[in-house]
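Residue numbers begin at 1 in each chain, while the letters A, B, ... track the order of the sequences. These values consider heavy atoms only, across backbone and side chains, with no hydrogens, waters or symmetry-generated copies.
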Amino acid sequence: MVIGLEVHCELKTATKLFCGCPNMFGDEPNTNVCPNCLGLPGSLPVLNQRAVELAMAIGTALHCDIRASTFHRKNYFYPDQAKDYQISQYDEPLNVDGHLDLPDGFRVGIERAHMEEDTGKTTHAGTSGRIHGADYSLVDYNRSGVPLVEIVSRPDMRTADQARAYVTELRAILVASGASDGKMEEGSMRVDANVSVRPGPDDPFGTRCEIKNLNSVRSLGRAIEYEAERQIALLESGERVVQQTRHWDEGAGRTQALRSKEDAYDYRYFLEPDLVPLVPDAEWIRAVADTLGMMPAERRARLTELLDEGGGATRSQLLQVATVVELRLDDLVVEAVAAGVPSALALARTANEAATDADAARALDPKSYVELLTLEANGSLSATQAKAVLAELFVLGGGDPAAIARDKGFEAMSEDSLAATVGEAVAAHPDEWARFCEGDDKLAGFFTMLVMKATRGQANGKAVAAELRRLKG
Amino acid sequence: MAEPARLTREDVAHVASLARLHLTEDELDLYTQQLAEVLDHAADVASLDLAGVAPTAHAMAVTNVLRTDEPHPCLDRDEVLAQAPSVEDHRFRVPRILGEAP
Amino acid sequence: MTGPRPALETAAMVRAGEEQAVDVLEHHLAVIDAGEESIHAFNLVTIELARTQARAVDATVTAGGDPGPLAGVPVALKDNMCTRGVPTTCSSRILDGWLPPYDATVVTRLTEAGALLIGKTNMDEFAMGSSTESSAFGTTRNPHDTTRVPGGSSGGSAAAVAAGFAPLAIGSDTGGSIRQPAALCGVVGMKPTYGTVSRYGLVAFASSLDQIGPFATSVADAALLFDVIGGHDPLDSTSLNRPTPRVLSVLDDGVDGMTVGVLAELLEGAAPDVVARVSEAAEALAAAGARVEEISVPEVRLGLSAYYLIAPGEASSNLARYDGVRYGLRVDAEDTVAMNTATRSVGFGPEVKRRIMLGTYVLSAGYMDAYYNQALRVRTRIIEGFAAAYTRCDVLLGPTAPTTAFAIGAKVDDPLTMYLSDVCTIPSNLAGHPAISVPFGPGDDGLPVGVQVLGPALSEGTLFQVAAVVESAAPHLASPRITTGAPV
Ligand SMILES: [Mg+2]
Ligand SMILES: [Zn+2]
């Protein structure tokens, strides 16, 4: 199976691409409109600088070449399109030849990421709310002219999982770059998938079909799997796949033909005479790149390095890293580790507990979060106690973890039982103990972790270290 | 450059449908003849060898015309909708749409 | 003096409080009343709007303020420029009933300068034509001979000025639509450098060629009007963000030491009496101190063909929006495609349909490169040809139109012949250059001949200087009989 994805992403600007109307979702119909976005005679487009910079930010984040570009008119009649043409970048797009690395390291090529305007929104009146069977339709032009970047991948993906991972990662990049809110359910990110199959890995690719209306990562995966099976079934029964545009019906769980290649529309693309070329110079490109924050891949690498210092990341920890970065909680982990909290503990607490309410966690003063983890790490609080305090912090929207712990009556465990637990750990791992005694200080962390595990996090980290030193002599 | 094939009646019917124009049979004949005449006159241009000449779409070389991302006032909705042939529920009403956008 | 009073003089008197704007207006309304029936220059005379503006100008003067350089001067506006709340039709049925919710930049500038917007003038439908006969609202007649066309597409504006309905008018020029009717009606008409006058609010015909410009009875009045409407506008991305040449102040600087090239290619298809007038104008310039030589720019011969591929191509896209959904005419039908088709088939006249189809064809798959892109390459060659000529000459000289005004109906059934009326004016549009048409006496038939001065981009100052010298040497041309108004 071969998959290429086209993702339309609405840019988070204050105004539209070619006019000063607010770029706002959910307002009263036809209130955010002007001569330009209604296609009134005599109206003219003027390009939004912020939209250009967000598009350049996307290009930078996707490792594209950012180049001199032009705008074309794509001509076709449709009632939601006010001018009956769409202004879009055609043969000279702003961003070309980039790539996106999936968390597992698989690289997907990016063919282009170009700017274009959105259409208005059509509601179909009548029985079904769908276009078919509607008696008539109503058009709202609030969305007309909203800035979009269309990101076209190369047909590099081979499984539905890769497609899912691509969209998930792309969304994270779009959010991280500040270009988009990435809300698929509100339509601010829309995905079309091109799918084709081939009998074996060395055979040429078959005819492709384009699937539209994929408005969640889940639909995307289901649609691709359905479509691949449909095409394989056709080929196995001796029929051929017809190049088509197909619609994903989420309820029915299948794709349906919209139109075939034979009806290919003649868009009569030509250079938009009302706009001039967009020629970003090196200085502008650099300035945009400088404002770009860390991308998800960098954030994951940063956490993985922290784990490396603690002895290397396990498979489940890599998943935790992905979760933490996806939820944009990775700064909490980094700060906690900087304050002396073991990386494994910081990561686990963040991926498992903080992640249950990521919004609340992001809203928290990082200091109180780090303090809480420190209390747990040094044994003042057990794991269970720490989780309870965190829940309370979320409810209160912040506070002093030590005070909350006192209010809850949590106390640290006794020194006698600690010494006994440390002794058991040492006895169970004579080889490691010998190396520790020969000066391999890193093994202190190993024994601390064993003790923490045995005491379910109730031990005081500092007390453990002191006990280890005492035993070593 | 090779000269393109002569314009046919079918070509005119095809562009009329692309342009959402209905032509009677007589109009189709008349326009085929008239447009072919204009295109014949343009043969002087079509037959030139201009390989290597860059096309000029804008006579004045201007680049990077941008505006700041600041909202401006929108039109009054009542004034806008008063111009529409048909309105319902503050939206522009159109008859049945038979297919998705191409 | 004979003929209408100059706008410069009227504005000076109104600003000085020596004359009331309302009186200037009523005089012109009376002239319109007497002559409009035989000319049909207007689609709409905006009496109430102009009266309101006149009262405001007078109030400003009374209060000691300055109402601006066009104080109390009536200006007729081609009916393809948006006027808020006032019908803007492009002389097409498809814009039936449309009231724009906004003003074109040129309208705002005129109003701020104290002008009185006296009416919306008739034109070829969507500015597609050279005779004003393709208007959905009937033909405008040439004030010099009402059996003749006024030229086009800004025929109503040219005729309004020639007939004394307004001292000034605004037109738009895509392939000669200001200069050719100016020549045929015996008035001054000028197309500025592309990007000099904002197109915001000008209903597009061919966006890369369209440019708004002035009509007046004299070169000086045209300069006054150009100075008001020119200048950068952030609402038009193709508006030039650089100092616009001011022309009124350099008008009398003469042509001493300039080199004027008589452009051979423009004389090729012109009638002998028209060629003779151009030669006389060249002699007058030589007498005034210019060096005159003949010059050839062979690429200019390709202009007409290139234009009739580029302009319809852009137009076919610009006119797609008239679909019956948001404004203007709708012809009801079962489904949206049928509604679009019925609306456009009823709403557009034959010339507009012809150009939409031609434009759709030259942009369509398989023909785009042979026609449209090839025409854009020719455009490059024309620009290069002009550039070479302007290394030797300051300006070029030629006829504005090949003949004087032709009879109404003479060319309507033969589009190609009609298109040839623009052969002398089109090259300047393709190059984005300014050009001005100055009346230069009558042809053999007694009808006006226009001499055209062409210059490189942003050479408006030079252009007006040359035009002023040409004007001062022009043979006498009888005033149109229709002009009944004496100076107030
Ligand atoms: Mg697109
Ligand atoms: Zn708008």
- Message: Strictly below 4.0 Å, N to O, side chains only: are A:R112 and A:D97 in salt-bridge contact?
- Response: no
- Note on the structure: Counting heavy-atom pairs under 4.5 angstrom with chain A, the leader among C:S364, C:S208, C:C82 is C:S364
- Is the CZ atom of C:R381 crowded by more than 12 outside heavy atoms at less than 6.0 Å? no
- Item | Test item: side-chain donor near acceptor, C:S172 and C:K78, under 3.5 Å | yes
- Sequence neighbours excluded, every pair satisfying salt bridge (charged side-chain N to carboxylate O under 4.0 Å, His left out) that has a member inside residues 75-85 of chain A: A:K83-A:E117, A:D84-C:R326
- Query: Between C:E125 and C:R93, is there a salt bridge with N-O shorter than 4.0 Å?
  - Reply: no
- Counting heavy-atom pairs under 4.5 Å to chain A, which of C:A204, C:S317, C:A365 comes out on top? C:S317
- Message: Looking at C:R109 and C:E112, is there a salt bridge between them, counting it only when a charged N and a carboxylate O are closer than 4.0 Å?
- Response: no
- Message: Salt bridge or not between C:R199 and A:D274? Use side-chain N to carboxylate O under 4.0 Å.
- Response: yes
- Item | Interface moiety of C:F205 toward chain A, non-hydrogen atoms closer than 4.5 Å | neither
- Message: Strictly below 4.0 Å, N to O, side chains only: are A:E210 and A:K212 in salt-bridge contact?
- Response: yes
- Item | Proximal component of C:T360, with respect to chain A [non-hydrogen, under 4.5 Å] | both
- Item | Engaged part of C:L95 at the chain A interface, taking heavy atoms whose separation is under 4.5 Å | side chain
- Could you label the plane-to-plane angle of the A:Y265 and A:Y76 rings as parallel, tilted or perpendicular, counting under 30° as parallel and over 60° as perpendicular? perpendicular
- Message: When you measure from the side chain of A:R268 to the backbone of A:D266, do you find a donor-acceptor pair of N or O atoms at a distance under 3.5 Å?
- Response: yes
- Task: Against chain C, label A:Q81 side chain, backbone, both or neither, depending on which of its atoms sit under 4.5 Å from a heavy atom there.
- Result: backbone
- Is there a donor-acceptor pair closer than 3.5 Å between any side-chain N or O of A:N23 and the backbone N or O of A:L11? yes
- Choice from C:A206, C:P234, C:A320 maximising heavy atom contacts with chain A below 4.5 Å: C:A320
- Looking at the rings of C:Y322 and C:F126, which for Trp means the six-membered one, are their centres under 6.0 Å apart? yes
- When the 4.5 angstrom heavy-atom criterion is applied to A:F270 and chain C, the contacting part is both
- Task: Using heavy atoms and a sub-4.5 Å threshold, report which of residues 40-49 of chain A line up against chain C, by residue number.
- Result: A:L40, A:P41, A:G42, A:S43, A:L44, A:P45, A:V46
- Query: With chain C, which of A:P35, A:S137, A:C34 has the greatest number of heavy-atom pairs at distances under 4.5 Å?
  - Reply: A:P35
- Note on the structure: Max heavy-atom pairs within cutoff under 4.5 Å with chain A, candidates C:D323, C:V325, C:D335, goes to C:D323
- With sequence neighbours excluded, give me every salt bridge (charged side-chain N to carboxylate O under 4.0 Å, His left out) pair touching residues 22-47 of chain A. A:E28-B:R77
- Query: When you check the gap from the basic side-chain N to the acidic O, do C:K120 and C:D79 get nearer than 4.0 Å?
  - Reply: yes
- Message: Under 6.0 Å from the ring centre and within 45 degrees of the ring axis: does the NZ or CZ of A:K74 meet both conditions for the six-membered ring of A:Y267?
- Response: yes
- Message: Report, in residue-number order, which members of residues 96-108 of chain C are under 4.5 Å from chain A by heavy-atom distance.
- Response: C:W98, C:P101, C:Y102
- Note on the structure: Turns out that what part of A:N75 lies under 4.5 Å from chain C's heavy atoms comes down to side chain
- Give a yes or no on whether A:E186 atom CD has more than 12 heavy-atom contacts from other residues, nucleotides or ligands under 6.0 Å away. yes
- Residue C:Y372 versus chain A: region with a heavy atom under 4.5 Å: side chain
- Message: For C:N318, which atoms come within 4.5 Å of any heavy atom of chain A: side chain, backbone, both, or neither?
- Response: both
